[in-house]
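Taking it in order: structure first as structure tokens, then the write-up.
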Amino acid sequence: MVIKNHYQIIQKLVEATKKHEVYRRTECINLIASEGLKSPAVCEMLSLSQDLECRYAEGENDLEGHVKTRHYQGQKYVTKIENFTIDLIKNLFGCAWADIRLVSGTHANLATFKGLSLATKNNRMVVAPLSSGAHITHDYSGLAGKIIGLETINHVFNVTNMNIDPDKSAMIIRASRPGIVTFGGSLFQFPHPVKELKDVAREVGAYIVYDAAHVLGLIAGGEFQDPLKEGADFVTASTHKTFPGPQGGLVFANRDDERMKTGIKKIQYSIFPLTTSNTHLGRFPALGLAALELRVFGRELAKQTIKNAQTAGEYLFERGVKVLGADKGFTKSHQIAVDVLQFGGGKIVAQKLEDANIILNKNLLPYDDQHHKDDPSGLRIGFQEVTRRGFKESDVKHLCDLILLIIENKRRPSEVKEDILTFRNEFDEIKYGFQSVHEAMDYAQAHQL
Ligand SMILES: Cc1ncc(COP(=O)(O)O)c(C=O)c1O
């Protein structure tokens, strides 16, 4: 499009931006499982770091994760900011090394998979099947295969349990002898069998990578499996899903022996110089503050998030909806998977719900034809954002009632939208977080944190 009138375009840009803020922030109930809601304190911290948004800090880090060398001038505060944030993250996850220079979960996987394939000189990786919840970055058809050139081999997945089958996957790992065994995923209700497979991975010389993009906040709260304690070597993640920080990525690990040091060094090399120049410094202070929030509120937030997801699973199931993982209590994470084929399929149902200002996403289920991405039979529903807005079990049930009215065609979405707007208005405050940077500092001081 040739722009003839820049004034008009900028005016429209401003208008669309403002409208978006009102729409998604105040008028919708957001149930996308991969999104997170930042507290006022974290937002304030972001607003304090505008100059950082302009700067560069290329260079090398040491085996603590701290800044070692920088190739730019003007770093006297930037270095402190990166080191303080690293320490807050290491403290939260009880690990010896972390790197926050990744700009997203995708970037964290890119650098980690690349680094570990260099460390092992092995191009094979065992991953969950894409159809059963792995992220596209794990798959041969995405970053792992097309960008890094890894050959991916699938874990065996048990659809009834919605989990990796440890015995059958052990056979796969032994037969394929990969350099990396990956756990974690995007459709991810139940802890993966890390402790059951860690010895098998070791036996074949593979590193275990655990992709905690979705469940990082639950891990921080101590309410999901602790991947490092269970035997994972590296944890990769996004910092903006159940971990309600600024958009970014993260990788962390312990550093017990030469094998781990080699892995860390290769990942660091893959971060810089291989895949990073600007590390988006403006998010670091806000990431540090989000880490403090999770230290303080993480357990309560994770507990209520999981309780809300389980409540929704059970409530919908009792009303005739096919919720996956019923035998296992529907979920142990922030999300549930629902088969809505009987109501027209994921595409139609997600659109109807959007028409009522309920935002969630359609999702392929393990038994779907994987070529039908555009019209899968499922929905993935995440409860981390509504929990942060203060939803308790009774609120989740009320929301489910409104969802049922729509999907069972008992009321039109446009009518239910009125109820959603009223309901949404009851949850204006963001809980399990600080209202200001000042409040966070006062709290930390008063509690000698
Ligand atoms: C399991 C998993 N890994 C990695 C990613 C990529 O993270 P990001 O969107 O931060 O690049 C996602 C995204 O949703 C994910 O679900």
Problem - Minimum heavy-atom distance H192-G184, with the two atoms named - result: ND1-N, 2.9 Å
Exercise for the section: Mark yes or no for whether H447, through its side chain, and L449, through its backbone, hold a donor-acceptor pair below 3.5 Å. Expected result: no
Problem - Sub-4.5 Å side-chain heavy-atom contact between V386 and F427 - result: no
Problem - Check ion pair K195-D226 (N to O, under 4.0 angstrom) - result: no
Practice task
Could you tell me whether the side chain of Y432 reaches within less than 4.5 Å of the side chain of T387, counting heavy atoms only?
Solution key: yes
Practice task
Report the C-alpha distance between W97 and V251 in whole Å, list the side-chain angles of each, state the deciding distance to 0.1 Å, and finish with yes or no for side chain to side chain contact (heavy atoms under 4.5 Å, CB included).
Solution key: CA-CA 9 Å; W97 170 80; V251 52; 3.8 Å; yes
Practice task
Without swapping roles, check the side chain of S238 against the backbone of K241 for a donor-acceptor pair under 3.5 Å.
Solution key: no
Handout entry: Side chain to side chain, T152 and H138, heavy atoms closer than 4.5 Å
Key = no
Practice task
Ignoring hydrogens and angles, tell me if any N or O in the side chain of Q335 forms a donor-acceptor pair with the backbone of F188 under 3.5 Å.
Solution key: yes
Problem - Heavy-atom neighbours of F84 CZ exceed 12 at 6.0 Å - result: no
Problem - Single hit among R388, R299, K38 for salt bridge (Lys or Arg N to Asp or Glu O under 4.0 Å) with E293 - result: R388
Problem - Side-chain donor/acceptor of S49 to backbone N/O of L46, under 3.5 Å - result: yes
Handout entry: Under-4.0 Å salt bridge between K261 and D257
Key = no
Handout entry: Short side-chain to backbone donor-acceptor contact, Q247 and R283, under 3.5 Å
Key = no
Handout entry: Non-neighbouring partners of R101 that pass side chain to side chain donor-acceptor pair (under 3.5 Å), sequence neighbours left out
Key = D99
Exercise for the section: Without swapping roles, check the side chain of Q268 against the backbone of D62 for a donor-acceptor pair under 3.5 Å. Expected result: yes
Exercise for the section: Look only at the side chain of S169 and the backbone of P166, and say whether a donor-acceptor pair between them is shorter than 3.5 Å. Expected result: no
Problem - Side-chain donor or acceptor of T276 paired with backbone N/O of I271 under 3.5 Å - result: yes
Practice task
Tell me, with the steps shown, if F284 and I86 meet side chain to side chain contact (heavy atoms under 4.5 Å, CB included).
Solution key: CA-CA 9 Å; F284 289 178; I86 284 286; over 6 Å; no
Exercise for the section: Please confirm whether F234 and Y210 have ring centers closer than 6.0 angstrom. Expected result: no
Problem - Residue pair Q225 / I219, side-chain heavy-atom distance below 4.5 Å - result: no
Exercise for the section: Check for a donor-acceptor pair, side chain of H155 on one end and backbone N or O of D165 on the other, with a separation under 3.5 Å. Expected result: no
Exercise for the section: Can you sort out the partners of A302 under side chain to side chain contact (heavy atoms under 4.5 Å, CB included), two or more places apart, ordered by chain and number? Expected result: L218, E223
Problem - Closest heavy-atom pair and its distance - T331, S333 - result: OG1-N, 2.9 Å
Handout entry: side chain to side chain contact (heavy atoms under 4.5 Å, CB included) between I136 and L143, worked out
Key = CA-CA 7 Å; I136 183 75; L143 179 141; over 6 Å; no
Exercise for the section: Step by step, work out the side chain to side chain contact (heavy atoms under 4.5 Å, CB included) result for L110 and I147. Expected result: CA-CA 8 Å; L110 169 61; I147 305 289; 4.2 Å; yes
Practice task
Report yes or no: is the cationic atom of R319 (NZ for Lys, CZ for Arg) closer than 6.0 Å to the six-membered ring centre of Y315, at no more than 45° off its axis?
Solution key: yes
Practice task
Measure the shortest side-chain to side-chain distance between K352 and I358 over non-hydrogen atoms and say whether it is less than 4.5 angstrom.
Solution key: no
Exercise for the section: Spell out, as yes or no, whether a donor-acceptor pair under 3.5 Å connects the side chain of N308 to the backbone of F391. Expected result: yes
